[in-house]
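Written out below as structure tokens is the structure these notes cover.
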Amino acid sequence: MPEAAEDDADEEMPLSLRLSIADTLTLGNATCGFMAVYFTTTGILIPHLSGDESGMARNSAATAVILMLCAAVFDLFDGLVARKLRSSPMGAELDNLSDLISFGLAPAYFVLVYGMVARDAHERVAAVGAIVVLLAVVLRLARFSCVTLRDGVFQGMPSPFGALTVVSIVLLELPFVATLLAIIGTAWLMVSRVEYPKPRGPLAVAMLAWIVSAMGLLAAWAFDAPGGQLLLQTGCALQLVLGAVIPLFATARRVNNFRDNRREARATQVP
């Protein structure tokens, strides 16, 4: 019996249970999403419920959003590392579960807390908006696992981009109805069939630069730097513009491709 136990201990860990470097980055993604929920609760919701302060706590809100941005960085690099090195058999499942936490639960919870602490918000209606965001990410991730698309594109707004767009809408502090409609519109884009390019090469570098810039804007706003509020609103507005413009370009490209294909088909039919 002792010899059998030693033999079992010497057996190598099954390949399916080994974590790769890409998997470690994916777990960092999930950790950032959970900590975003933590800071939203302890720094915004609990002080509001206890009456210590009204409205959204600036530092905690900025920290929560910065953590979502960090999760997006982890999500960007785990795919790059997986393509360059290797990923474990658990990689795809870990990625979906981590994205659900960081880009589904965290932004949906952020919307829910906004509905509880903002002066002109309606808590129950905001809860519906939060559920819509969460379900949109769930459906998008499930579809991503089942549908095979041509290389280089996503179908629907990627969940990291959607999550950052949702929190940007909240941070803009628009009227409640406008905020809710914009959030629902973003959720619809996530489950739509609009094609978005995958962040590779120069696009990945541009996305990383945009994330780092957004972190700087949030830090300036959190520490009440001169012009910090204006800089943050500018950054949030730019995020919304990008979310609206990319689908327009994608739709225009599909229409042009459809027209070109029809012209080629007609040209081949002409005797």
Side-chain angles (χ1 to χ4, degrees), residues 32-33 36-37 39-40 43-45 55-73 75-76 102-121 125-126 129-130 132-134 136-137 157-190 196 199 203 206-249:
C32 289
V37 173
F39 276 99
T40 304
I44 302 175
L45 181 59
M56 298 185 72
R58 178 173 295 191
N59 290 341
S60 296
T63 303
V65 179
I66 287 174
L67 284 166
M68 294 183 213
L69 290 166
C70 291
V73 173
D75 184 64
L76 176 64
S102 298
F103 311 124
L105 176 62
Y109 187 70
F110 198 80
V111 172
L112 178 64
V113 173
Y114 154 76
M116 299 176 68
V117 304
R119 292 192 181 100
D120 64 336
V125 181
V132 169
V133 171
L134 179 63
V137 175
M157 180 183 285
S159 51
F161 194 87
L164 299 181
T165 303
V166 166
V167 297
S168 296
I169 294 168
V170 174
L171 292 176
L172 272 176
E173 299 182 5
L174 300 171
F176 177 73
V177 174
T179 299
L180 185 65
L181 291 176
I183 288 172
I184 293 175
T186 303
W188 176 82
L189 283 174
M190 284 193 278
Y196 285 76
L203 184 59
M207 179 175 290
L208 182 61
W210 170 244
I211 290 174
V212 173
S213 300
M215 289 181 180
L217 295 177
L218 286 162
W221 175 66
F223 290 102
D224 201 17
Q229 180 72 25
L230 179 60
L231 288 173
L232 179 70
Q233 290 180 345
T234 302
C236 291
L238 182 58
Q239 177 72 30
L240 266 65
V241 170
L242 290 174
V245 167
I246 291 176
L248 294 178
F249 277 113

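Just the heavy atoms: all of them, side chains too, but no hydrogens, waters or symmetry mates, feed the values below. Treat the numbers as computed from the prediction; the structure is a model and nothing was measured. All residue numbers refer to positions in the sequence shown, counting from 1.
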Self-check item: side chain to side chain contact (heavy atoms under 4.5 Å, CB included) involving Leu45 - partner list, sequence neighbours excluded
Solution: Leu49, Tyr109, Val113, Met116
Quiz prompt | From CA spacing to verdict: side chain to side chain contact (heavy atoms under 4.5 Å, CB included), Leu172, Thr179 | solution = CA-CA 9 Å; Leu172 272 176; Thr179 299; over 6 Å; no
Practice problem: Please step through side chain to side chain contact (heavy atoms under 4.5 Å, CB included) for the pair Thr40 and Ser60, ending with a clear verdict. | Solution: CA-CA 6 Å; Thr40 304; Ser60 296; over 6 Å; no
Self-check item: Heavy-atom pair with the smallest gap, counting every atom of Asn59 and Ala222
Solution: OD1-O, 2.7 Å
Quiz item: Which residues satisfy the salt bridge (charged side-chain N to carboxylate O under 4.0 Å, His left out) test with Asp224, sequence neighbours excluded?
Solution: Arg58
Quiz item: Is any side-chain heavy atom of Val132 less than 4.5 Å from a side-chain heavy atom of Trp188?
Solution: no
Practice problem: Quick one: closest heavy-atom pair of Leu218 and Ala62, and the distance? | Solution: O-CB, 3.8 Å
Quiz prompt | For the student: nearest non-hydrogen atoms of Ala108 and Ala130, plus distance | solution = O-CB, 3.1 Å
Quiz prompt | Residue pairs fulfilling ring-ring contact (aromatic ring centres under 6.0 Å, His included) with at least one residue in residues 157-178, sequence neighbours excluded | solution = His122-Phe176
Quiz item: With Gln233, which residues qualify under side chain to side chain donor-acceptor pair (under 3.5 Å), at least two apart?
Solution: none
Quiz prompt | Partner residues of Thr186 under the side chain to side chain donor-acceptor pair (under 3.5 Å) criterion, sequence neighbours left out | solution = none
Self-check item: Distance-minimising heavy-atom pair for Val111 and Ala126
Solution: CG1-O, 3.8 Å
Self-check item: Met68 to Ala36 - nearest heavy-atom pair and separation
Solution: CG-CB, 4.0 Å
Quiz item: Side-chain contact, heavy-atom cut-off 4.5 Å: Ile169 with Cys236?
Solution: no
Self-check item: For Met157 against Gly162, the heavy-atom pair lying closest together
Solution: SD-CA, 3.4 Å
Self-check item: Close side-chain approach of Phe39 to Ile44, heavy-atom, < 4.5 Å
Solution: no
Self-check item: Leu217 side chain near Ser213 side chain, heavy-atom distance below 4.5 Å
Solution: no
Quiz item: Pairs in or reaching into residues 237-248: which pass side chain to side chain donor-acceptor pair (under 3.5 Å), with residues at least two apart or in two chains?
Solution: Thr165-Gln239, Trp210-Gln239
Exercise. Indicate yes or no: at least one non-hydrogen side-chain atom of Val73 is less than 4.5 angstrom from one of Val212.
Key: no
Quiz prompt | Audit row: Phe103, Leu164, side chain to side chain contact (heavy atoms under 4.5 Å, CB included) steps and yes/no | solution = CA-CA 8 Å; Phe103 311 124; Leu164 299 181; 6.0 Å; no
Quiz prompt | Close side-chain approach of Phe110 and Val65, heavy atoms under 4.5 Å | solution = yes
Exercise. Measure the OG-CG distance between Ser102 and Leu67 for me, rounded to the nearest 0.5 Å.
Key: 9.0 Å
Quiz item: Any side-chain heavy atom of Ile184 sitting closer than 4.5 Å to one from Leu180?
Solution: yes
Exercise. With the side chain counted from C-beta on, respond yes when Cys70 and Met215 share a heavy-atom pair under 4.5 Å apart, and no when they do not.
Key: yes
Self-check item: Value rounded to 0.5 Å, distance of CG in Leu242 from CG in Leu238
Solution: 4.5 Å
